[in-house]
Structure formats: structure tokens, C-alpha cells
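The structure appears below as C-alpha cells.
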Amino acid sequence: MIADRFPWLTAIVLLPLVASFIIPVLPDKDGKLVRLYALGVAIADFGLMCYAFWKHYDPSSATFQLAEKYAWVPQLNFNWAVSVDGLSVPLVLLAGLVTTLAIFAAWQVNIKPKLFYFLMLVLYSAQIGVFVAQDLLLFFIMWEIELVPVYLLVSIWGGQKRRYAATKFLIYTAAASIFILVAALGMAVYGDNMTFDVVELAMKDYPLALELPLYAGLLIAFGVKLAVFPLHTWLPDAHGEASAPVSMILAGVLLKMGGYGLIRLNLELLGDAHIYFAPMLAILGVVNIIYGGLNSLAQSNMKRRLAYSSVSHMGFVLLGIASFTDLGVSGAMLQMISHGLIASVLFFLAGVTYDRTHTLIMDKMGGVGQVMPKVFALFTIAAMASLALPGMSGFASELAVFVGVTTSDVYSSTFCTVTVFLAAVGVILTPIYLLSMLRQIFYGSGAALTCDVDNFGSENEDDEGAVCFGTDCALPSEAVYEDARPREVFIAACFLVLIIGIGFYPKLATQMYDAKTVALNAQIRQSHTIISQGNPQIYAHKFLLPQIAKSEKAPILGIVK
């Protein structure tokens with residue numbers, strides 16, 4: 001059939017990119033046509049990926065599917081090679097949903113609208129390209145292409161310090177991405193055949209002396225994107241200055257590229273080195289959770305508070321990756337999906353609130369809940385999801401990580417207990433800074449008012465509950481703080497329905513990748529078994545890791561060395 005031979009992934013990657021080059025020639029001056037065009041392209045691409053995965057992706061298989069390979073630079077054995085498996089399918093869908101809704105959220109952009117939507121579509125293609133690339137050189141190229149639109153989107157449509165934030169983002173991520181290129185070249189040239197293909201690279205037997213520096217370099221590269229302490233400092237600045245649609249993509253998709261890279265390359269290709277680095281990942285995860293939570297609590301800027309919250313939540317991804325359990329690795333994937341949805345809706349609603357109040361300082365927003373009840377309700381639901389309320393996706397993902405770490409038979413009981421206890425301290429901080437944020441924004445900051453509400457002297461009975469926004473007072477019937485519009489309610493509802501749906505039935509997400517994560521963890525556990533048999537006291541004194549896995553050697557599923 002034609003449908004079976006159709007290059008689905010190539011079409012999904014290139015459709016937004018090709019469509020973006022039509023934007024400059026569109027006869028549009030006020031931006032109305034171009035935004036409809038960009039939204040239509042984004043919806044079409046998202047619909048295409050949904051159809052392709054629904055019809056041609058088998059979630060019960062751990063191998064690569066929908067594979068396409070075309071020679072690009074034969075001299076370097078560099079190919080256009082794309083495919084998907086359980087690691088990439090949910091993140092491709094996440095990127096498609098978040099970017100489509102971000103374009104819809106940017107409905108009121110009136111400054112250089114053609115350039116804005118052109119960059120959004122280019123960014124759309126680059127994100128998908130990262131998640132489907134089966135060739136490491138193609139992966140690196142897509143990774144680099146993604147940097148340019150983000151830099152321009154922040155530096156042109158950002159806040160007062162937008163150029164500083166954009167430049168910092170570019171320096172951090174561009175410098176770190178050099179490690180990806182070096183690691184790709186190192187793995188490609190090792191052995192008898194030079195190749196960048198992920199499947200062929202996984203078949204190579206790298207010496208540990210090579211794996212360790214390659215793993216360290218990739219950890220730096222992906223750690224910057226994942227906002228791992230101390231490589232995270234670009235994130236609060238970028239979020240604080242970026243517009244809401246760009247912040248949605250930063251938090252919802254770009255952070256997940258770091259987690260995806262760690263699982264795809266560090267775990268899948270460099271499994272032996274992962275045995276040595278896993279305790280460090282667990283420790284960094286705990287540091288992220290507590291450090292991000294404490295810093296979030298100290299922020300008075302709403303978007304910077306949410307940015308540090310993202311730093312904290314990414315710590316659970318590191319913990320899950322380091323757990324050596326099926327449930328832990330599955331929880332890391334679920335955390336990326338869950339946080340992508342939750343962070344996107346939180347930053348979107350932060351933008352909605354900013355549009356009304358024209359400030360991000362929470363102390364100046366007190367009381368807006370009285371005139372913006374819909375925004376208040378949506379923001380509260382999203383915050384509850386972020387603090388892992390049962391019935392929300394955040395609870396399912398964090399619980400999976402906790403149980404995965406607790407039940408790990410690789411680490412000592414002391415290590416597991418201390419790790420889980422410290423991570424739980426970070427969890428306690430989450431409701432403190434989120435509920436405090438809601439109180440400051442929607443209930444009242446307690447700041448001294450410069451006007452007396454009782455002196456308004458209104459004769460309108462509906463004006464009995466005058467509202468004060470920080471130092472500016474207004475009557476409800478005269479307030480310009482318009483509640484959420486239907487478009488804004490729709491965008492938030494798209495996220496919240498999925499958040500609640502996954503919370504009540506996590507299998508909606510986990511069934512897409514369970515086969516892959518089980519196979520991947522089996523591979524890692526076999527590597528640990530082999531290494532620990534030769535060195536049973538590995539890291540025993542420093543990281544409390546004296547135990548050899550009690551289970552027998554697990555067969556490797558999917559890709560094998």
C-alpha cells in the first residue's frame with residue numbers, strides 16, 4: 001500500500017520548515033492571515049503525526065519503527081535517517097501539541113508577525129527532528145538549528161533584559177552542544193566502520209576508557225538543556241524575559257530534549273559508563289529538587305518562580321534515569337511528559353495574567369482573583385497538578401520515581417533511604433511556593449494601599465467589593481482586568497484534560513513507551529551485573545553502592561551490543 005511506503009517522519013519534520021518559507025510572500029500586513037496560516041500548518045502537522053503513529057506505530061515493540069534512510073553525504077556515511085520508538089513517540093506528540101497551542105497562544109502578536117511565525121515553524125521542525133533523528137550527525141544539526149529561532153524569539157519579543165537572556169541561552173547551549181559533536185565523532189570513528197547510525201553505534205563494543213569521557217561530555221551537553229545544577233542559570237533568565245508562547249516551548253519541549261538525550265545516548269549507547277555515573281545522577285537529581293524548590297520560594301517574579309520550579313521537577317527525571325528499575329525509568333519518561341504539559345499551561349496562564357496586570361511581580365497583583373475567576377480557577381488547577389495532587393499526572397510520575405528508587409536492588413538501603421528522604425523534602429517545598437504564589441496573585445499581598453477603597457463612593461450595588469491590585473485600586477464594574485477569553489480557556493483546557501486524564505489513567509502515556517523502557521533497563525542491569533561481578537565494591541565508600549544485583553542476567557531486548 002502507498003500508506004505503508006509513505007515517508008511519514010520526513011513529512012512530519014519538513015512540513016513546518018517548508019511551509020515557513022511561504023510566510024514572507026503572504027500578502028498580509030496586519031498579521032491576521034499569517035497567524036491563521038501558521039496555526040493551520042501546525043495543526044496539520046500535529047494531525048499528521050497523530051495519524052501516522054495511530055496507524056503505523058506498534059507500542060508493544062521496543063525496536064525502531066517507521067524507519068527512513070536516504071544517503072546525504074556518502075563520503076562521511078552521513079544519512080537522512082529518521083525513525084521512532086517508545087522514547088521518541090510521546091515526546092514528538094508532546095512537541096507537536098505544545099508548539100501548536102503556543103502558536104495559538106501568540107494570537108495577539110503584532111510586532112513583526114511574519115518573522116515571529118516563521119521562527120515558530122522553523123523551531124517546530126527542529127524539535128521534531130531532534131526526537132526522530134536516527135543519525136547522530138543529523139541529531140546534532142537539528143539540535144543546533146533549534147537554537148537560532150529560540151535566540152531570536154527571546155531577543156526580539158522578550159522583556160527589558162531580553163538580549164542578555166537570549167545571549168546567555170545561546171552561549172550556554174551552543175557551547176555545550178560541542179560535546180555532542182565530539183561524542184558523535186568519537187563513537188563514529190571507533191571500530192572498523194565509520195557510522196553515525198544509532199543502531200550501528202549500539203552494536204559497537206566501546207572500551208570503558210572511551211565510554212567514560214564520552215558519557216561525561218554528553219552529560220554536560222544534555223545537563224545544560226535539562227537545567228541540571230550548576231548548569232541551569234540560563235533558564236530563569238530566559239523564562240523571565242521570554243514571551244508566554246516561547247516560555248511554553250522552553251519549558252514544555254526544550255527541557256525534555258535534555259532528558260531524551262540522556263536516555264537515548266547516555267543510557268542506550270554508553271551503558272557501561274552509566275553504571276559509574278548513575279550515583280552522580282541521583283545526587284544531582286536530589287540537588288536539583290531541593291535547590292530549585294528553595295530558589296523558587298525566594299522569587300518575587302512569577303515566571304522566575306515557575307522557572308526554578310522546572311529546575312526542581314527535572315530532578316525527578318535524573319532520579320528515575322539513575323534508578324536501575326523499570327518503574328523508575330518509566331517514571332522519568334512520565335515526568336517529562338507530565339511536566340511538559342503542566343509547565344506549558346502554567347507559563348501560558350502566567351502570560352494571560354501578565355496581559356491584564358502588566359507586571360510579573362506577584363506583590364503587585366494581589367486580589368485579581370475577584371475579577372478574573374476563570375483565570376484563577378485554571379491557574380489553581382494547574383498549580384495543583386504541579387504540586388503532585390493525587391488524580392493529576394504529576395502525582396503519577398513522581399510516585400513512580402519514588403517507588404522506583406526505593407525498590408532498587410542495586411543501591412544500598414542507606415543510599416535509597418537518604419535519597420528518597422531528601423527528595424521528599426523538595427516535594428514539601430513545592431506546595432509552599434505554589435500556594436504562596438496563588439495567594440500573592442489572586443488573594444492579596446498585604447501591601448500597603450495608596451488609595452482607600454471605601455472612599456470610592458460608588459452608588460452601584462455591584463461595586464461593593466472594590467478590588468486592589470497592589471497599589472492600584474479599581475471597582476469590579478470598572479476594572480480593565482478582563483477574565484479569560486474563550487480562546488484562552490480552550491488552550492488551558494487542552495492541557496488540563498490531558499493532565500487529569502493521565503493522572504487518573506497513567507497508561508494513556510505509559511503504554512507508548514513501556515516496552516522500550518523495560519528493554520532499556522534490562523540492558524543497563526546486565527551491564528551492572530557484569531561490571532559488579534568484576535568489581536563488587538564499586539563506589540562502595542563514596543556512594544554506598546556495594547551490592548551486586550541479586551537478579552540473574554536479564555536478556556537485552558531491542559537494540560543490543
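Quick caveat: nothing in here was measured; it's all calculated off a predicted structure.
Side-chain contact between Arg304 and His239 is absent, with no heavy atoms from C-beta onward closer than 4.5 Å. Counting heavy atoms from C-beta on, the side chains of Lys516 and Glu268 come closer than 4.5 Å. A heavy-atom distance below 4.5 Å is found between the side chains of Leu435 and Leu387. By the 4.5 Å heavy-atom criterion applied to side chains, Glu146 and Leu254 are counted as neighbours. Using a 4.5 Å heavy-atom cutoff, the side chains of Leu123 and Ile249 are in contact. The side-chain heavy atoms of Leu218 and Leu269, taken from C-beta on, include no pair separated by under 4.5 Å. Using a 4.5 Å cut-off on side-chain heavy atoms (C-beta onward), Ser88 and Asp85 make contact. The shortest side-chain heavy-atom distance between Glu144 and Ile180 does not fall under the 4.5 Å cut-off.
Atom OG in Ser155 sits 9.5 Å away from atom CG in Leu170 (nearest 0.5 Å). To the nearest 0.5 Å, atoms CG (Leu284) and CG (Leu319) are separated by 10.0 Å. For the atom pair Met248 CE and Leu341 CG, the distance stands at 10.5 Å (nearest 0.5 Å). Distance check, rounded to the nearest 0.5 Å: CD1 of Ile111 to CH2 of Trp157 gives 8.5 Å. Taking CD1 of Ile502 as the start and CG of Leu334 as the end, the distance is 6.5 Å to the nearest 0.5 Å. For the atom pair CE of Met120 and OG1 of Thr100, the computed distance is 9.5 Å after rounding to the nearest 0.5 Å.
Phe376 and Tyr443 have their aromatic ring centers within a separation under 6.0 angstrom. Aromatic pair Tyr291/His232: centroids less than 6.0 angstrom apart.
A donor-acceptor pair under 3.5 Å is absent between the side-chain atoms of Thr167 and the main chain of Tyr164, judged by distance alone. Side-chain atoms of Ser323 come within 3.5 Å of backbone N or O of Gly320 as a donor-acceptor pair. Between the side chain of Arg264 and the main chain of Leu87, no donor-acceptor pair closer than 3.5 Å is present. The closest donor-acceptor contact from the side chain of Lys256 to the backbone of Ala251 lies under 3.5 Å. Not a single donor-acceptor pair under 3.5 Å links the side chain of Ser125 to the backbone N or O of Val122. Using modelled atom types, one side-chain atom of Thr173 and one backbone atom of Phe169 make a donor-acceptor pair closer than 3.5 Å. Looking only at distances, no side-chain donor or acceptor of Ser312 sits under 3.5 Å from a matching main-chain atom of Tyr308. Using a distance-only test at 3.5 Å, with no hydrogens or angles considered, a donor-acceptor pair links the side chain of Ser177 to the main chain of Ala174. Remark: the backbone N or O of Ala242 is paired with a side-chain donor or acceptor of Lys303 at under 3.5 angstrom. Under the 3.5 Å distance criterion, the side-chain polar atoms of Asn288 are matched with a main-chain donor or acceptor of Ala227.
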Discussion item. With side-chain contact (heavy atoms from CB on, under 4.5 Å) as the criterion, how do Leu281 and Leu219 come out once you've worked through the C-alpha distance, each side chain's angles and the decisive distance to 0.1 Å?
Written reply: CA-CA 9 Å; Leu281 293 185; Leu219 179 59; 3.5 Å; yes

Discussion item. Applying side-chain contact (heavy atoms from CB on, under 4.5 Å) to Val375 and Leu378, what does each step give before you reach the verdict?
Written reply: CA-CA 5 Å; Val375 176; Leu378 295 171; 5.9 Å; no

Item to complete: Could you walk me through whether Met333 and Ile263 pass side-chain contact (heavy atoms from CB on, under 4.5 Å), step by step?
Response: CA-CA 9 Å; Met333 280 295 298; Ile263 299 175; 4.0 Å; yes

Practice prompt. Please step through side-chain contact (heavy atoms from CB on, under 4.5 Å) for the pair Phe379 and Leu438, ending with a clear verdict.
Written response: CA-CA 8 Å; Phe379 220 132; Leu438 292 177; 4.1 Å; yes

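Between Tyr276 and Pro279, the closest heavy-atom pair is O-CD, 3.7 Å. Contact record, Gly96 with Phe46: C-CD1, 3.6 Å, taken as the closest heavy-atom pair. The nearest pair of heavy atoms linking Leu255 to Ser310 is CD1-CB, 3.9 Å. Contact between Glu398 and Ala388 at its shortest, heavy atoms only, is OE1-CB, 3.5 Å. Here the closest heavy-atom approach between residue Ala102 and residue Pro245 is recorded as O-CB, 3.4 Å. Taking every heavy atom of both residues into account, Ala492 and Phe348 meet most closely at N-CE2, 4.1 Å.
Not a single ring pair (Phe, Tyr, Trp, His ring centres under 6.0 Å) links Tyr124 to another residue, sequence neighbours left out. By the ring pair (Phe, Tyr, Trp, His ring centres under 6.0 Å) test, Phe131 is found to be paired with Tyr260, residues two or more places apart in sequence or in another chain being considered.
Annotation for Arg485: atom CZ counts as buried by contact number, over 12 foreign heavy atoms lying within 6.0 Å.
With respect to Arg525 and Asp409, a salt bridge is recorded, a charged nitrogen being found less than 4.0 Å from a carboxylate O. Salt bridge annotation for Lys168-Glu241: absent, with no cationic side-chain nitrogen under 4.0 angstrom from a carboxylate oxygen.
Relative ring orientation between Phe139 and Trp143 is described as tilted, the plane-to-plane angle lying within the 30° to 60° band. Using a 30° and 60° split on the angle between ring planes, Phe277 and Tyr215 fall in the parallel class, below 30°.
For the residue pair Thr414 / Ser412, no side-chain donor-acceptor distance below 3.5 Å is found, with atom types taken as modelled.
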